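Note that the structure is a prediction, hence the values are computed from the model and not measured. Throughout, residue positions are numbered sequentially from 1 according to the sequence presented. Both backbone and side-chain heavy atoms feed into the values below; hydrogens, waters and symmetry mates do not.
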Amino acid sequence: IAGDVDGGKSYYYLGLVQEEVDGEVEKAFPYFHKADELGYLEATKHIAQLFIDNSEITKAYPYLKKAAEAKDNDACYGLASILSDEKQSI
């Protein structure tokens, strides 16, 4: 698999197969992480969403921040929501 964004996309889809077809979320994480490392933003956002779905907001934060810094609108909204919730609970 190529070591660039296209390679990242390939790793992302391998992760999706593990997660959605095989039902193996834990086995999918290494693929999502590799795709993230290769700069594939969809993988970065997906990792964040998996953590959010598991109520692991602290773990989701760096991934959301990374995607928001890349000017992804969904990530900006998600990050703002998390930060807003944090302020309300203080």
Side-chain angles (χ1 to χ4, degrees):
I1 297 176
D4 56 14
V5 173
D6 289 336
K9 186 176 183 179
S10 298
Y11 279 106
Y12 174 68
Y13 282 109
L14 285 170
L16 286 180
V17 168
Q18 283 288 320
E19 178 187 12
E20 295 177 7
V21 176
D22 298 335
E24 300 282 345
V25 177
E26 292 300 318
K27 289 183 180 179
F29 260 96
Y31 294 111
F32 294 141
H33 282 291
K34 184 65 175 178
D36 170 57
E37 289 173 5
L38 293 172
Y40 192 62
L41 196 59
E42 289 301 313
T44 307
K45 294 188 314 182
H46 194 75
I47 292 168
Q49 189 60 55
L50 289 172
F51 284 131
I52 290 168
D53 291 347
N54 253 359
S55 299
E56 297 179 90
I57 305 304
T58 304
K59 290 182 180 180
Y61 177 80
Y63 295 98
L64 274 179
K65 185 174 184 248
K66 181 178 180 179
E69 288 172 346
K71 303 201 182 340
D72 181 85
N73 291 334
D74 293 331
C76 289
Y77 178 79
L79 189 59
S81 294
I82 286 173
L83 293 174
S84 175
D85 289 344
E86 290 286 319
K87 279 186 173 181
Q88 290 176 11
S89 64
I90 293 176

Tyr12 and Phe32 aromatic centres sub-6.0 Å: yes
Any side-chain heavy atom of Phe29 within less than 4.5 Å of one from Leu50? yes
Single-linkage hydrophobic cluster, 4.5 Å side-chain cutoff, Ile52 and Leu41 together: no
Would the distance check show the side chain of Ser84 and the main-chain N or O of Ala80 forming a donor-acceptor pair, the cut-off being under 3.5 Å? no
Between CG on residue Leu79 and NZ on residue Lys65, distance to nearest 0.5 Å: 8.5 Å
Salt-bridge contact Glu69-Lys66 (side-chain N to carboxylate O under 4.0 Å): no
How long is the span from the CZ atom in Phe51 to the OH atom in Tyr63, to the nearest 0.5 Å? 5.5 Å
Rounded at 0.5 Å granularity, tell me how far CG in Leu64 sits from CD1 in Ile47. 11.0 Å
Do Lys34 and Leu14 come within less than 4.5 Å of each other through their side chains, counting heavy atoms only? no
Over 12 non-hydrogen atoms of neighbours within 6.0 angstrom of CG in Asp53: yes
Taking the basic N atoms (NZ, or NE/NH1/NH2) and the acidic carboxylate oxygens, is any pair closer than 4.0 Å for Lys45 and Asp72? yes
In sequence, state the C-alpha distance, the side-chain angles, and the governing distance for Leu83 and Tyr61, and then conclude on side-chain contact (heavy atoms from CB on, under 4.5 Å). CA-CA 9 Å; Leu83 293 174; Tyr61 177 80; 4.1 Å; yes
